Amino acid sequence: MDAPRPRPARSEDEDDPPQRQGLSTAQAFLAVLFVAATAAACMHLITRRRGPSPTGVMQREQASRVSYRRVVDLAGRGASRFDPVMANKLDHARLRARRARNRRRSRKRAAAAGSGGCYSLQKESCEPGSQAASANSSCVHPAADHLDAMRATTVCGQRLPRANPCWVEESGNVSCLPAVYLLGEMRCGTTSLYARLLSHPDVEAPLNKEPRYLTLPNYRYHTGSSYAANFAPVARQDARAITLDASPTVFNAPLLAPLWVKKWVPEAKHLVLLRDPIQRTYSHWRAGVDWLKDSSCFVAPAMPANASLARATGFFKPQPLPEIRMMREVFSFDAQARLGLVEVALRECGASLGWGQYGGDEVTLSNETKACILSTSLGEDVAALFRTRQALAGRRTDAERDAYAEGMRRVSACSQYMLVPGAGVWRSSRYASNLAAWYAAFPRSQIKVLATEELERDATAVMKDVISFLGLREMELPKPKHDRLCVVGKAASSATNPHDVASPVREWRAGRLDGS
């Protein structure tokens, strides 16, 4: 085997061999950019939620806690100070975690409050405008109070041996609910019946005759404690005393009121005062006109020098504002009745005209709705009224539609929402369905239906029957000083008969909305 050849000797004049040079500037920049992009992609994959967003309260809270921990881990030892994006994510994660903790604490407090299975009527209410809400104290909001009422099964405290349902809690405070509900529809003589009942020595008046707590608009903003506080005076009377709720709007809230009363006062008795629908509708419209003329929607003109003579003759009367001057149909009972017939027919068939919301725009009806309207007894007449109104709405310009909507809103607010077209007729047409809801919740032995005409004709006999129904001591009640029975009189007889629909149809076809 040949021996390895010796390496040639280097001469001193020969240069050193070239050594390996470092990376260029461009290559270094690309390497740093690649590393940064890879780190950003990994961070995005780690921090983002995997799969679809979780649903449900508990899953959202769990996702918030997991996201918070991930961001904290990625933030490291002060890394958020050098990365604004990471700092923003960290702030949002902390905010979500804090909100989740607050929700868990709220649920725990609610569970602790309802763990006893009772509903307290002595809680401090955080209602709008109350002192507790302004002081930001430990009060109960209406939403939380309604949740407690749904979970509870009984009223907190011991039931007192009284004719009126009252409870005393451990603190010694007594809370009461009414033993009688005077339901009746509006303008049916409920005020007169209320005044006659108060003349009995065993009937104690509440602080407010019409709290209207068990109606959907008011129920959202008030609590059961504030409602029970309205009947506190009966707790200071003897054991025979009872009190009542005379809110007429409760009768027209069949989805809320019957179930609430059945749960907390199942032994309560109910007086339903009804009136001839035509007479009630006219009285409803008349009250709305009175409210409207006494409101800010009517402005009195400048009085002359002899102002006393002008007032005495009634020559200078308040005039409507320009915004509501075009709403002529609300000042005529005939047109109000016809508009009500259209609205009732549409609501029965699942539609509505929506006055004040769409500015009098044209309403598109489906073929099923049209067939439903034509199948009613007044189908042809209602269809003619509807086509006339649609034609008038189609001729309005955009400015006129806006003015119409503003005028309808002003008229509704100034008349205490009694002149909303169709409201009077709609309330008068709901007697049967509302009564069915109350009969479904209570036995017939606890509901007594009265007629306003009977109370007008023979009030003594009616009140004797009512006293026996309520279980009060029998006695002859004196007539109240201010009897506010809704007597229509000559005004109703002079108005056009709402049953006569053929004549109004001819007027509507001629474009006369107000029937004048």
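For the single chain, residues carry numbers from 1 onward in sequence order. Computation of the quantities below employed the complete heavy-atom set of this structure, encompassing side-chain atoms and omitting hydrogens, waters and symmetry-equivalent molecules. These figures come from a predicted structure and were not determined experimentally.
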Checklist entry - Between Phe442 and Lys262, is there a cation-pi geometry (under 6.0 Å to ring centre, at most 45° from the normal)? => result no
Item to check | Intermediate values then yes/no, side chain to side chain contact (heavy atoms under 4.5 Å, CB included), Val449 and Tyr439 | outcome: CA-CA 11 Å; Val449 180; Tyr439 279 135; 3.6 Å; yes
Checklist entry - With sequence neighbours left out, what residues match Pro161 under side chain to side chain contact (heavy atoms under 4.5 Å, CB included)? => result none
Checklist entry - For Arg187 and Ser283, does a side-chain donor sit closer than 3.5 Å to a side-chain acceptor? => result yes
Checklist entry - What residue pairs, at least two apart or across chains, pass disulfide (SG to SG under 2.5 Å) with a residue in residues 216-245? => result none
Item to check | Candidate pair His146 and Tyr219, rule ring pair (Phe, Tyr, Trp, His ring centres under 6.0 Å), full reasoning | outcome: CA-CA 9 Å; His146 300 159; Tyr219 186 74; 3.9 Å; yes
Item to check | Donor on one side chain, acceptor on other, Tyr227 and Asp245, under 3.5 Å | outcome: yes
Next on the checklist: So which atom in Pro206 and which in Tyr194 form the shortest heavy-atom distance, rounded to 0.1 Å?
Outcome noted: CD-OH, 3.4 Å
Next on the checklist: I need the single residue from Thr190, Leu183, Leu450 that forms a side-chain contact (heavy atoms from CB on, under 4.5 Å) with Val272. Which is it?
Outcome noted: Leu183
Next on the checklist: Show every side chain to side chain donor-acceptor pair (under 3.5 Å) that has at least one partner inside residues 248-261, sequence neighbours left out.
Outcome noted: Asn252-Asn434
Checklist entry - For Ser120 and Glu169, does a side-chain donor sit closer than 3.5 Å to a side-chain acceptor? => result yes
Checklist entry - Is it the case that Asp145 and Tyr119 place a side-chain donor and acceptor less than 3.5 Å from each other? => result yes
